[in-house]
Amino acid sequence: MEGSMFSFKQYHLALSKIIKKAYPILREKGSREAVITAIKLLEDNPIFNAGKGSKLQRDGRVRMSSAIMSSDDSRFSGVINISNVKNPIQIADLLSKEKHTVLGGREACEYARKNNVKYFDPITEDRLKEFKE
């Protein structure tokens, strides 16, 4: 993979663990909960370019995007360029219950705080080193 700091084996092991955790949720609670769980696990694992471990942009900041769409009602919700949250998918999921379902930048961050989503710095030492190099 281009720009990858991690081995295929590391990715494979991480994804295998995520599948093992998400599959029972698929069977018990359905596809939406399984997908949200799997994405949160990706966002929580610093080897992936998502959530904790996101790549730094040109200005040294992390901005993330996440979205979800329901096949039941074709309802789409998402966040674009959100920063300082642990799980952007959580905000996209919260937005699915709102009239306006897509937010970006500052408005997305403000919405997260209004919904008691705590500040989180997703920058890891590996990504900071990568950015500096």
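Quick note: residue numbers are just sequence positions, from 1. All figures in this text were calculated on a predicted structure; none of them were measured in a lab.
- To the nearest 0.5 Å, atoms OG1 (Thr124) and CD (Glu130) are separated by 8.5 Å.
- In this structure, Lys40 and Pro88 have side chains that are not in contact, with every pair of non-hydrogen atoms separated by 4.5 Å or more.
- Shortest non-hydrogen contact noted between Leu26 and Ser31 is CD1-CA, 3.6 Å.
- The hydrophobic clustering, which links ILVMFWY residues whose side-chain heavy atoms are closer than 4.5 Å, places Ile19 and Ile25 apart.
- Between Asp59 and Phe131, the shortest heavy-atom distance links the atoms C-CZ, 4.3 Å.
- Leu103 is not listed as a side-chain neighbour of Ile80, based on a closest heavy-atom distance of 4.5 Å or more.
- At least one donor-acceptor pair closer than 3.5 Å links the side chain of Ser77 to the backbone N or O of Ala92.
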Task: Phe6/Phe48 under side chain to side chain contact (heavy atoms under 4.5 Å, CB included): CA gap, chis, key distance, verdict - done: CA-CA 9 Å; Phe6 303 97; Phe48 296 103; over 6 Å; no
Open item on the list: I'd like to know whether Cys109 forms a side chain to side chain contact (heavy atoms under 4.5 Å, CB included) with Ser83, so could you lay out the CA-CA distance, the side-chain angles of the two residues, the decisive distance to 0.1 Å, and finally the verdict.
Closed with: CA-CA 7 Å; Cys109 296; Ser83 57; 3.6 Å; yes
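- For the side-chain contact (heavy atoms from CB on, under 4.5 Å) test with Ile18, the passing option among Thr37, Leu42, Ile39, Leu13 is Leu42; the others fail.
- The salt bridge (charged side-chain N to carboxylate O under 4.0 Å, His left out) check on Arg61 picks up nothing, with sequence neighbours excluded.
- Between Glu98 and Tyr111, some side-chain heavy-atom pair lies under the 4.5 Å cut-off.
- Atom CG of residue Leu15 and atom CG of residue Leu41 lie 10.5 Å apart, to the nearest 0.5 angstrom.
- Checked by atom type and distance alone, the side chain of Ser96 pairs as donor or acceptor with a backbone atom of Asp93 at under 3.5 Å.
- Considering every non-hydrogen atom in both Lys118 and Arg113, the closest pair reads O-NH1, 3.6 Å.
- Salt-bridge formation is not detected for the pair Lys114/Glu110: no Lys NZ or Arg NE/NH1/NH2 atom is positioned less than 4.0 Å from an Asp or Glu carboxylate oxygen.
- With Asn45 contributing its side chain and Ile47 its backbone, the two residues share a donor-acceptor pair below 3.5 Å.
- Checked by atom type and distance alone, the side chain of Ser65 pairs as donor or acceptor with a backbone atom of Asn81 at under 3.5 Å.
- To the nearest 0.5 Å, atoms CD1 (Ile91) and CD1 (Ile68) are separated by 13.0 Å.
- Ala50 approaches Ser54 most closely through the heavy-atom pair C-OG, 3.3 Å.
- A donor-acceptor pair under 3.5 Å is absent between the side-chain atoms of Arg63 and the main chain of Gln57, judged by distance alone.
- When side chains are defined from C-beta on, Met69 does not count as touching Arg75, because their heavy atoms never get closer than 4.5 Å.
- Between Val102 and Leu95, the closest side-chain pair of non-hydrogen atoms is not below 4.5 Å.
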- [ ] Might you work through the side chain to side chain contact (heavy atoms under 4.5 Å, CB included) test for Val85 and Met64, ending with a clear yes or no?
- [x] CA-CA 9 Å; Val85 297; Met64 303 166 284; 4.1 Å; yes
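- With Asn87 contributing its side chain and Ile89 its backbone, the two residues share no donor-acceptor pair below 3.5 Å.
- Judged by distance alone, with hydrogens and angles left aside, the side-chain atoms of Gln10 form a donor-acceptor pair with the main-chain N or O of Ser7 at under 3.5 Å.
- Here NE2 of His100 is found 12.5 Å from CD of Glu107. Values are rounded to the nearest 0.5 Å.
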Open item on the list: Please evaluate residues Asn49 and Arg127 with respect to the criterion side chain to side chain contact (heavy atoms under 4.5 Å, CB included), reporting the C-alpha separation (whole Å), side-chain torsions for both, the decisive distance (0.1 Å), and the verdict.
Closed with: CA-CA 9 Å; Asn49 180 17; Arg127 292 297 186 194; 4.0 Å; yes
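- Classification of Asp121 and Lys52 as a salt-bridged pair fails, no side-chain N sitting under 4.0 Å from a carboxylate O.
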